[in-house]
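Since the structure comes first, as structure tokens, the remarks are kept for the end.
The structure displayed is predicted, hence computed values, not measured ones. The sequence lines fix the lettering, A, B, ..., with proteins before strands; numbering per chain opens at 1.
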Amino acid sequence: MRPIHITNSLSQKKELLQPLEKGKVSLYICGVTVYDHCHIGHARAYVAFDTIKRVLTHFGYNVNHVQNFTDIDDKIINRANETNTPWKTLTETFIGSYFEDMDALGVIRANQYPLATAFIPQMIALIQDLIDKNIAYVGSDSNVYFSIDNCPNYGKLSHRNLDDQESGARVNVVSAKKNPMDFVLWKPAKPDEPAWDSPWGSGRPGWHTECAVMVHDVMGHTIDIHGGGEDLKFPHHENEIAQAECCSNNALANIWMHNGFVQIDSEKMSKSTGNFFTIKDVLQEVEGETLRFFLQKVHYRSPIHFSKEGIQEAGQALERLYNTLRNVPMNQQIPKNQIPEFNALEEAFLTALADDFNISGALGHLFDMSRLINTHQAGSERLFNLGQILGLFTKPIQSTVSIPKNVTQMAQDRQSARAAKDFAKSDELRDQILASGFQIKDTPDGFKLTPS
RNA sequence: GGCGGCAUGGCCAAGUGGUUAAGGCAGAGGUUUGCAAAACCUUUAUCCUCAGUUCGACUCUGAGUGCCGCCUCCA
């Protein structure tokens with residue numbers, strides 16, 4: 001097991017990962033609210049944490065990854081009404097859509113995907129516990145609220161002083177709240193809305209309650225890492241911490257990790273502003289692995305500027321690595337004097353990853369290795385193995401497309417023409433081969449046909 | 001207004017208190033090749049501004065400027 005340093009949002013510092021249980025890492029990632037297809041911002045988050053999980057696994061940690069689906073909330077109810085779809089059908093549809101997208105991106109499945117609606121009794125128990133401890137109260141509007149004034153460390157994750165928050169920034173200052181920052185734990189249902197019975201009447205849970213409950217129920221009272229998008233830090237994660245820690249006095253998570261945003265034209269990609277592309281949109285144009293590589297290239301905490309050009313560039317870069325794998329057969333003997341070079345690059349690659357998952361640094365070494373392999377025509381398997389850690393090289397290295405006889409014939413005719421120095425005919429044949437959907441490349445060992 | 005982050009060559013993007021400031025994409029030149037493709041070699045920066053700390057800062061501190069995010073649902 002290699003020591004790993006991770007930037008902890010809680011301390012705002014890089015810390016050594018010290019799992020509660022040796023060799024195991026419990027990782028909870030905030031999942032999506034399933035009322036629509038996922039956009040590139042979601043892809044960024046889940047590709048980032050997938051990479052993190054793969055690296056941890058490679059370094060010898062046994063990762064227990066749990067990720068929720070929020071399958072009940074206002075947006076789901078609204079969308080169900082708008083589209084005249086039963087809400088349960090809606091959520092099932094978009095859970096399916098999520099998995100399609102993640103499979104295309106090469107994201108490994110979590111160990112568990114708990115649904116919010118499967119944890120209603122546990123949420124009710126948590127809320128009741130908070131009421132009993134005088135940390136939650138029933139407002140005059142029948143909502144159950146969490147009272148942040150009774151939570152001493154409120155704000156510790158997002159590092160904000162509540163008095164300094166811009167008052168006008170909050171929409172709907174509800175008079176039923178004791179403090180405007182109090183948040184809803186339980187919400188009474190309107191007629192025809194999905195609802196569950198509770199001590200406070202028929203209703204549904206507030207948004208922040210599920211994660212705390214699931215972590216406790218599925219994983220234990222404290223976990224090693226809790227992750228999600230930068231935007232979840234406040235209020236979502238702050239509120240999770242408040243509930244969980246006020247009740248149990250145990251830390252909800254030791255390390256909090258947050259990924260940066262995808263931006264379009266230097267603005268956050270977001271559904272509310274409408275400037276987003278769905279994953280499915282982009283996959284119409286490029287392969288999943290190209291999109292994955294584009295999202296991976298940048299450190300997980302930095303913003304990514306989304307653009308067609310950027311994706312194309314990532315595709316070119318990835319192609320460079322694939323070319324090496326295609327051109328140099330695996331398991332060729334590496335010259336003895338080059339072995340230290342290979343080892344040094346491999347070590348540098350791993351060292352970078354162990355330092356807060358510095359993938360950009362690691363990729364630099366990967367490209368260096370690619371050049372080394374091309375130069376010495378050996379060592380392809382080392383590149384391949386390192387790429388596997390990042391979830392790359394899922395495409396077949398050798399084409400599995402069978403080459404039609406007539407194309408092979410044309411290629412052979414071209415060889416004859418070249419031998420006879422009839423280059424006009426040779427070029428003509430190459431054009432014909434290209435028109436048939438194949439590309440011909442000359443190598444010292446003869447021609448090579450690949451699908452174009 | 002409060003809090004947080006960022007500012008490195010045409011574009012993307014690592015990194016270090018002091019040797020030649022990674023890597024990718026694009027461009028230029030070259031080698032190889034009849035050509036093409038791939039590959040290889042060469043080539044493009046003093047790191048936003050100002051002040052300070054230091055023998056020495058791009059790397060630390062302060063101020064400034066610009067951009068982004070959160071404070072409202074959000075990966």
Both distances under 3.5 Å, Watson-Crick or G-U wobble: report the partner of [N], or none.
N	result
G64(B)	C48(B)
A57(B)	none
G27(B)	U43(B)

Phosphate OP1/OP2 of A26(B): any Gln316(A) side-chain N/O under 4.0 Å: yes
Phe367(A) six-ring face occupied by Arg320(A) cation (under 6.0 Å, within 45°): no
Audit row: His237(A), His258(A), side-chain hydrogen bond (donor to acceptor under 3.5 Å, both in side chains) steps and yes/no: CA-CA 10 Å; His237(A) 288 160; His258(A) 293 98; 2.8 Å; yes
Distance between C1' atoms of G18(B) and A51(B) (Å, rounded): 22 Å
Gap in Å between the two P atoms, one belonging to U46(B) and one to G10(B), rounded: 10 Å
Atom pair distance, as rounded to whole Å: NZ in Lys75(A) and C1' in U72(B): 11 Å
d(OH, Tyr154(A); P, C71(B)) in whole Å: 11 Å
Side chain of Arg371(A) - closest among A75(B), G24(B), C71(B): G24(B)
Closest listed nucleotide, where the reference is the side chain of Lys297(A) and the choices are A14(B), A39(B), C12(B): C12(B)
Pair Gln338(A), His376(A): side-chain N/O donor-acceptor within cut-off below 3.5 Å: yes
What's [X] touching, base or sugar-phosphate or nothing? Going by heavy atoms closer than 4.0 Å.
X	answer
Thr443(A)	nothing
Arg418(A)	base
Gly228(A)	sugar-phosphate

Salt bridge (charged side-chain N to carboxylate O under 4.0 Å, His left out) against Asp101(A), all qualifying residues, sequence neighbours excluded: Lys280(A)
Pair of N/O donor and acceptor under 3.5 Å linking G34(B) base with Asp427(A) side chain: yes
